[in-house]
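One structure is given below, encoded as structure tokens.
Both counts, for ligands and for their atoms, begin at 1 and track the order of listing. Computed from a predicted model, the values in this text were never measured in an experiment. In what follows, every heavy atom counts, from backbone to side chain, and hydrogens, waters and symmetry copies are set aside.
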Amino acid sequence: MFSTEFLDLPPLQTAAGTVHLPGSKSISNRVLLLAALSAGRTTVHDLLDSDDTRVMLDALRQLGCGVKRSGSTAHITGLDGRIAAPGPLKLFLGNAGTAMRPLTAALAVLGGDFELDGVPRMRERPIGDLVDALRQLGCSIEDLGQPGYPPLRIGRPQLRLDAPIRVRGDVSSQFLTALLLALPLVARQDIVIEVVGELISKPYVEITLSLLARFGVAVRREGWQRFTLPAGSRLQSPGEIHVEADASSASYFIALGAIAATAAPLRIEGVGESSIQGDIRFIDAARQMGAEVTSFANALEVRRGAWPLKAIDLDCNHIPDAAMTLAVMALYADGTTTLRNIASWRVKETDRIAAMAIELRKLGAQVEEGADFLRVAPPARWRPAAIHTYDDHRVAMCFSLAAFNPAGVHVRILDPRCVGKTFPDYFEALFDTARTDTPHIPVICVDGPTASGKGTLASQLAQTLGYHYLDSGALYRITGLAARRAGLALDTAHEQSIARLAATLPVRFEGERVILGGEDVSEAIRSEAAGMDASQVSALPSVRSALVELQQSFRRLPGLVADGRDMGTVIFPDAPLKVFLTASAARRAERRHKQLISKGIPAKIDVLRADLEARDARDTQRAVAPLKPAQDALLLDNSDQGIAESVAQVLGWWEDKQSFRHA
Ligand SMILES: Nc1ncnc2c1ncn2[C@@H]1O[C@H](COP(=O)(O)OP(=O)(O)O)[C@@H](O)[C@H]1O
Ligand SMILES: Nc1ccn([C@@H]2O[C@H](COP(=O)(O)OP(=O)(O)O)[C@@H](O)[C@H]2O)c(=O)n1
């Protein structure tokens, strides 16, 4: 997840490959409970890994259900309607409404001695309407705290199933869902549920009904008011079941395919067109705009069809969340797009109609907004923009698609971490599938002599910007180490052998750790001796060229900060910002001394200074890629600067180069 203040998207051009969407939370927890209550063993694929699903799995284990989990797959051995561990048992359900409500209903009709509780916030979330409905049925439920709220104690019921059960539908559809999931357990006769008040969130009840059907229970429905569980209903495992990905999350990648999958389709795994989620109908709208969508059992393939996209005029009431993505697709259309019947946008995470209008205008679009519509005409001239995201994950995700604009203007997404609500790795998934010509991928180079603070500065810049980081010195250090271990003297006589080693280094970077052939060498390469060895191998021209490609391969979306000696002069000559960092020899020796002592490595300041001057001399005098500022480098002497000051200075230079500074 990107937790930076902002994320700059360079111009993106095409899209390809495969994206795996995270599973839907509401489907995950329903499937787990149904699998646990049914007869037979169920393999659940693509389960969402989140707090709420972990809570549900723990509770099911406590109830004696067989649960085996490996990665995103879970094997559940169902209880076949009988609770193996009827208590006394205390179940802690965190803040998971999708666990608390249906478990309360299921345990209450089956009976036992259970106490259900959660975090303090859970004790503030109402459950009284469900409890009332269950009591009408003859369930024994005691309020242990404030009436109508958890914690609850559940005892043994005296079930009366002949009269219709009345449940309120206008507070939360989860109460109805809980009854629908639980009552098949006791359907010795037809059981009727009547909804009081206008049922909200109907698509979620659709999901419940559709999952019940997968588990062998066909609920009869009269409108949204009356539901009947037929006598003899029994939950039966379907064997295997896939948890669908969130269909509204899919919308960003369906749009991505429509806009940018020009050579081959973009594959979206986790959801197919036969999805039980209402938002999947986004596909129809995308097709109307020109997308070519092929659907598979649990995947979609999308490619660009009509281009430019076709403007549409659409009632979006049935896809309120996913429709926001259409507003950004409209930027690429051949005319004016109108999205109607979207009044609910005004009361979501933010006033989404207003937010979309403001941000689309920043990019140069002409936008008209009404109480319940949005009309978008594509920009005559695209403008770079810093997109405000209003703590709304969907604003952040859909505006990322503006980075494909044909003018190649940059797009800045402010507060990108807001995507965490539904899709924490959204931007990672985007960067995995988006393609752009290498020169578009920004690189900041930080070159300079040893102990000037390059590594410190470069890694902090990378962290602030959410960019990748290349410590090129580490590659020379690793080469030096590998050569030593191979028994090679680090001289010209062995240049070709060392170069061959360098070209095939089995090296992996795992965060701060450096792994060479399975061994963690992060410490070993940091010694001063390893630095001297690095300096020697780095003077060998064949070794330098052997490492060029590896270094350039670090230039990946969304950008790179690279530190070394020749980043700006040789490896990334086209980098938009090059910094040459220096400090006096005395200051550098002091810094290195402090650094080594703090790591418990003994060191003498005058020896360090002599070493670093020797290294400076070798680095600056070697024939190939000597240490020197690139012609277009900005010089920074940080002898009298603290770290934060150097970082701020360079970030200031970077901002000066950004076109949307004043956007
Ligand atoms: N501007 C600075 N002011 C003071 N100390 C610094 C500054 N930049 C870096 N340092 C310290 O100097 C030491 C060497 O920095 P490092 O980033 O390892 O240098 P390099 O990568 O250039 O060899 C580190 O302990 C770091 O904390
Ligand atoms: N791009 C680079 C990076 C490092 N090097 C060499 O590799 C050695 C170790 O690099 P480093 O950046 O880890 O060293 P320090 O600056 O931290 O001492 C340097 O002394 C340089 O001789 C290089 O030649 N070119």
Side-chain angles (χ1 to χ4, degrees), residues 443 445-462 469-481 483 490 502 512 514 521-522 524-541 543-548 550-552 554 561-572 575 578-599 601 603 608-609 611-628 630 636-650:
V443 184
C445 297
V446 182
D447 288 307
T450 184
S452 55
K454 302 179 302 298
T456 310
L457 172 65
S459 61
Q460 290 203 15
L461 290 172
Y469 168 50
L470 166 62
D471 169 7
S472 63
L475 301 178
Y476 291 98
R477 288 172 180 264
I478 296 162
T479 306
L481 184 77
L490 311 182
E512 305 266 286
V514 181
V521 296
S522 326
I525 60 165
R526 288 296 148 206
S527 71
E528 284 305 283
M532 284 306 257
D533 286 352
S535 173
Q536 285 185 40
V537 295
S538 72
L540 305 170
V543 172
R544 297 200 76 82
S545 40
L547 288 173
V548 170
L550 176 58
Q551 294 174 83
Q552 290 175 340
F554 280 74
V561 186
D563 92 64
R565 303 294 188 284
D566 60 345
M567 298 297 99
T569 48
V570 176
I571 306 295
F572 304 110
K578 300 173 186 175
V579 179
F580 194 82
L581 192 66
T582 54
S584 67
R587 203 41 72 79
R588 289 188 283 131
E590 272 168 33
R591 289 178 185 169
R592 188 63 92 212
H593 185 252
K594 225 164 129 188
Q595 195 179 27
L596 291 171
I597 297 294
S598 74
K599 284 192 200 154
I601 304 171
L608 285 175
R609 179 159 174 176
D611 277 0
L612 72 81
E613 284 177 335
R615 247 204 284 170
D616 285 356
R618 191 165 29 227
D619 286 348
T620 46
Q621 285 156 23
R622 70 182 169 224
V624 183
L627 170 65
K628 63 165 192 212
L636 179 60
D637 183 333
N638 68 4
S639 303
D640 299 313
Q641 260 186 350
I643 296 171
E645 221 180 318
S646 311
V647 173
Q649 168 90 68
V650 177

Checking side-chain contact (heavy atoms from CB on, under 4.5 Å) for the pair F580/L627: CA distance, chi angles, key distance, verdict?
-> CA-CA 10 Å; F580 194 82; L627 170 65; 3.6 Å; yes
Applied to residues 445-454, the salt bridge (charged side-chain N to carboxylate O under 4.0 Å, His left out) test, sequence neighbours excluded, yields none
Which protein N or O atoms sit under 3.5 Å from any N or O of ligand 1? Give each pair with its distance.
residue	atom	partner	partner atom	Å
ligand 1	1 (N)	N638	ND2	3.4
ligand 1	1 (N)	Q641	O	3.1
ligand 1	1 (N)	S646	OG	3.3
ligand 1	3 (N)	R591	NH2	3.3
ligand 1	3 (N)	Q641	O	2.9
ligand 1	5 (N)	R591	NE	3.3
ligand 1	15 (O)	T456	OG1	3.4
ligand 1	17 (O)	G455	N	3.3
ligand 1	17 (O)	T456	N	2.8
ligand 1	17 (O)	T456	OG1	2.5
ligand 1	18 (O)	R592	NH1	3.4
ligand 1	18 (O)	Q595	NE2	3.2
ligand 1	19 (O)	G453	N	3.2
ligand 1	21 (O)	G455	N	2.8
ligand 1	22 (O)	A451	N	3.4
ligand 1	22 (O)	S452	N	3.2
ligand 1	22 (O)	G453	N	3.0
ligand 1	22 (O)	K454	N	2.8
ligand 1	22 (O)	K454	NZ	2.8
ligand 1	23 (O)	A451	N	2.9
ligand 1	23 (O)	R592	NH2	2.9

Enumerate the pairs of nitrogen or oxygen atoms, one from ligand 2 and one from the protein, separated by less than 3.5 angstrom; state names and distance to 0.1 Å.
residue	atom	partner	partner atom	Å
ligand 2	1 (N)	S472	OG	2.9
ligand 2	1 (N)	R565	N	3.1
ligand 2	1 (N)	D566	OD1	2.9
ligand 2	12 (O)	R565	NH1	3.3
ligand 2	13 (O)	R477	NE	2.5
ligand 2	13 (O)	R477	NH2	3.4
ligand 2	14 (O)	R477	NH2	3.2
ligand 2	16 (O)	T450	OG1	3.3
ligand 2	16 (O)	K454	NZ	3.0
ligand 2	16 (O)	R565	NH2	3.0
ligand 2	17 (O)	R477	NH2	3.4
ligand 2	17 (O)	R592	NH2	3.1
ligand 2	18 (O)	T450	OG1	2.3
ligand 2	18 (O)	R477	NH2	3.3
ligand 2	18 (O)	R592	NH2	3.0
ligand 2	18 (O)	R615	NH1	2.8
ligand 2	18 (O)	R615	NH2	3.4
ligand 2	20 (O)	R565	NH2	3.2
ligand 2	20 (O)	R615	NH1	3.0
ligand 2	20 (O)	D619	OD2	3.4
ligand 2	22 (O)	S538	OG	3.1
ligand 2	22 (O)	D619	OD1	2.6
ligand 2	22 (O)	D619	OD2	3.3
ligand 2	24 (O)	S538	OG	3.3
ligand 2	24 (O)	R544	NH1	2.8
ligand 2	24 (O)	R544	NH2	3.4
ligand 2	24 (O)	R622	NH1	3.0
ligand 2	24 (O)	R622	NH2	3.0
ligand 2	25 (N)	R544	NH2	3.0

Can you check whether L457 reaches D563 side chain to side chain, under 4.5 Å on heavy atoms?
-> no
From the list R588, R622, K628, salt bridge (Lys or Arg N to Asp or Glu O under 4.0 Å) partner of D616 resolves to R588
Might you work through the side-chain contact (heavy atoms from CB on, under 4.5 Å) test for R592 and D611, ending with a clear yes or no?
-> CA-CA 11 Å; R592 188 63 92 212; D611 277 0; over 6 Å; no
N/O donor-acceptor pair under 3.5 Å between T479 side chain and L475 backbone =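 Yes, because the side chain of T479 sits within donor-acceptor range (under 3.5 Å) of the backbone of L475.
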Can you name the residues that form a side-chain contact (heavy atoms from CB on, under 4.5 Å) with A586, not counting sequence neighbours?
-> S584, R609
Contact summary for E613 and A585, nearest pair of heavy atoms | OE2-CB, 3.4 Å
For the residue pair S538 and R618, confirm or rule out a side-chain donor-acceptor distance under 3.5 Å.
->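 Short answer, no.
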